[in-house]
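Read through the structure below, which is laid out as structure tokens, and then see the notes.
Labels below follow one simple rule: chain letters A, B, ... track the order of the sequence lines, proteins then strands, and each chain is numbered from 1. Source: prediction; values computed, not measured.
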There are 2 protein chains.
Amino acid sequence: MEPTTDLLERPLPASPAASDLAAAVEGLTTLLRTLPLRPAISLTAASTLRTLDHDGPLRLSDLAVRERVTQPAMTQLVTRLERDGLAERRADPLDARVVLVGITAGGAALLRERRAARTAQLDGLIATLPAADRERILAATPALLRLAEAAPAAG
Amino acid sequence: MEPTTDLLERPLPASPAASDLAAAVEGLTTLLRTLPLRPAISLTAASTLRTLDHDGPLRLSDLAVRERVTQPAMTQLVTRLERDGLAERRADPLDARVVLVGITAGGAALLRERRAARTAQLDGLIATLPAADRERILAATPALLRLAEAAPAAG
DNA sequence: TATTGTTATACTCTATAACTATA
DNA sequence: TATAGTTATAGAGTATAACAATA
């Protein structure tokens, strides 16, 4: 890939409104949702598996908070993940009310496969863009991750 | 806002993988979905209304293709939009099989209100980010819109 | 026959309210 | 009483398959 400095020193476009960003996110959501990945699991299921993979076993209620769904919604999602062999319920030896949710080896493997396949597909799409677009998207990705994480603090 | 050149001349981070972009999009999707907008309508419903607002009355089947859902799914969505007074079915005088779907005045008004409210909320979140993040996000937004539109050609 | 749209059916995903079990 | 989780119920949103109406 070319050096990035020349591209980014060019004059920037006039500041697009946040509504453009929102429209872009909606379009990209459709894009991600329609990428041909087998098996097809929901964005929430994938996000929950990533959280479990990264931050180890979590209480079901903590998981619900982190994924911004209600406790009953998480109960159902975990039930589906368990049915599919991707996650499992464990008992908390210290508090019998608590359900600890952990990812299974199968769940972790699925996550790796999907990540690799989707990255390849998304890379393919990004490669069709002009170099300046590619540079700006790559440069903005860490900032977009931080924006996505800014929501809990603001909510 | 500050001049952008100083910020963007700084060294860029190492190229993040497309999987980071995908993770950011998923997080932003959750963010958009959880922004407090009344009434709450789905991303698909909002996108469909935008399409109708922008490109006038469309055949139901064309609408399904453009929104990347099946014909039955669009039938149901249009039924809900019609029930809520946001869209309406019209007859095509040239072909009695065809259903033309148009946005109503109420639908267009809702779109304007939501766009304004969401832009304000998203602007508020973006304002909490470091200046460098803000600049990169704004600089990348047009490119992200083009990426979202690259999907149909690639699919 | 082919096209356009709807209906039938089923599953995911979400919510609120009511409930059970444990602390 | 309070907390953790489940069950009950309802609705949005999605799909495939079967159907009706029109071309």
(message) So B:T44, base contact, sugar-phosphate only, or nothing? Heavy-atom distance under 4.0 Å.
(response) sugar-phosphate
(message) For B:R66 and B:T48, which I'm curious about, is there any donor-acceptor pair between the side chains at under 3.5 Å?
(response) no
(message) When you measure from the side chain of A:E82 to the backbone of A:R89, do you find a donor-acceptor pair of N or O atoms at a distance under 3.5 Å?
(response) yes
(request) Using whole Å, report how far CZ of B:R83 lies from C1' of D:dA12. (result) 9 Å
(message) Once you apply a heavy-atom cut-off of 4.0 Å, does A:T70 come out as touching a base, just sugar-phosphate, or nothing?
(response) base
(request) Kindly determine whether A:T141 and B:R136 satisfy side chain to side chain donor-acceptor pair (under 3.5 Å), including the steps that lead there. (result) CA-CA 9 Å; A:T141 296; B:R136 287 187 178 140; over 6 Å; no
(request) Mind calculating the distance between CG (A:L77) and P (C:dC11) to the nearest angstrom? (result) 17 Å
(message) Without decimals, in angstroms, what is the distance between A:L58 CG and D:dA4 P?
(response) 14 Å
(message) Does C:dT6 have OP1 or OP2 under 4.0 Å away from a side-chain N or O of B:T75?
(response) yes
(message) Between B:R89 and C:dT6, is there a contact of a side-chain N or O with OP1 or OP2 at under 4.0 Å?
(response) yes
(request) Report the C-alpha separation of A:E113 and A:R115 in whole Å, then their side-chain angles, then the decisive distance to 0.1 Å, and conclude whether the salt bridge (charged side-chain N to carboxylate O under 4.0 Å, His left out) test is met. (result) CA-CA 5 Å; A:E113 292 161 13; A:R115 189 177 292 129; over 6 Å; no
(message) Just the rounded figure in Å: distance from P of D:dT7 to CD of A:Q76.
(response) 10 Å
(message) Quick check for you: among C:dT22, D:dT6, C:dT12, whose closest atom lies nearest to any side-chain atom of A:D95?
(response) C:dT22
(message) I need the CG-C1' distance between B:D84 and D:dG11, as an integer number of Å.
(response) 12 Å
(request) Would you please confirm or rule out a distance under 4.0 Å between OP1 or OP2 of D:dG5 and any side-chain N or O of A:S61? (result) yes
(request) Consider the side chain of A:A96, meaning its heavy atoms from C-beta on, and name the nucleotide among D:dT6, C:dT22, C:dT14 that approaches it most closely. (result) C:dT22
(request) Take the protein atom CZ of A:R59 and the nucleotide atom P of C:dA21, then report the distance between them rounded to whole Å. (result) 19 Å
(message) Determine whether a donor-acceptor pair (N or O, by modelled atom type, separation under 3.5 Å) exists between the side chain of B:T51 and the backbone of B:S47.
(response) yes
(message) Among C:dT14, C:dT4, D:dT14, which nucleotide has an atom closest to any side-chain atom of B:Q71?
(response) C:dT4
(request) Mark yes or no for a side-chain to base donor-acceptor pair under 3.5 Å between A:R80 and C:dT12, with no hydrogen or angle criteria applied. (result) no
(request) Return the 5'-most residue of the pair A:V69, B:D62 with respect to DNA chain C, ranking by each residue's nearest nucleotide. (result) B:D62
(request) Would you mind reading off the distance between B:R97 atom CZ and D:dT22 atom P, rounded to a whole angstrom? (result) 10 Å
(message) Rounding to an integer number of Å, can you tell me how far A:M74 CE sits from C:dT16 P?
(response) 15 Å
